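Below: one structure, written as C-alpha cells.
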Amino acid sequence: MVFDTASLLSDPLAQEQGLEPVAGCPDPTLSVGATSSAVMAHFRGLAVAVKAYPSEIARGAELPHHPNVVRTLAWISVTDATLEVRELCVGGELFEAVAEIGQLTP
C-alpha cells in the first residue's frame, strides 16, 4: 500500500493532535519513497516533516535528544496509518550532499 501522506493530514485524528497542512502551499512534498511521501506540515505551530507508515508498524524507541540527530516529535495514529512527525531539516538529502562533496570533515 502506498500512502498519500498529504491527504492524511486532513484526518480529524491528526488535527486533534495539532497537525495541519501548510496553508497556501500547492505542493508540500519533501520526498517520495516506496511506500509513502514525506510532506511539510505544521505541528502545534512548528514547521515539521511528516511521513506515514502502516498502522501495524512498531514505533521507534524514544531516544534522548542529540543536537545532530533529527528528533521525532510525535507519533499520531489516524484512520489508516501512523504518522511520524519529525523536526524539519531543510537543505536536501544528506546522502546527496556526501555524494557530491565526497567526504564530510569537521
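Everything numeric in this text was worked out from a predicted model, so none of it was measured. Just so it is clear, the values below take in all heavy atoms, side chains as well, and ignore hydrogens, waters and symmetry mates. Residue indices begin at 1 and follow the sequence shown.
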Could you give the side-chain donor-acceptor pairs of residues 20-30 under 3.5 Å, partners two or more places apart or in another chain?
residue	atom	partner	partner atom	Å
Asp27	OD1	Thr29	N	3.2
Asp27	OD1	Thr29	OG1	2.8

Closest approach of [X] and [Y], non-hydrogen atoms and distance?
X	Y	answer
Val48	Arg86	CB-O, 3.2 Å
Thr82	Pro54	OG1-O, 4.1 Å
Ser37	Thr5	O-OG1, 2.7 Å
Phe43	Gln17	CE1-O, 3.3 Å

With rounding to the nearest 0.5 Å, note down the distance linking [atom1] in [X] to [atom2] in [Y].
X	Y	atom1	atom2	result
Asp11	Glu16	CG	CD	8.5 Å
Leu88	His42	CG	NE2	9.0 Å
Leu9	Met40	CG	CE	11.0 Å
Leu13	Ile76	CG	CD1	9.5 Å

Query - Hphob cluster co-occupancy, Val70 + Leu46, side-chain heavy atoms under 4.5 angstrom - result: no
Requested in this report: For the pair Arg71 and Glu87, find out whether any cationic side-chain nitrogen is under 4.0 Å from an anionic carboxylate oxygen.
Outcome: yes
Report task. Using the side-chain contact (heavy atoms from CB on, under 4.5 Å) rule, pick out the option among Leu19, Leu73, Leu8 that qualifies with Val50. Result -> Leu19
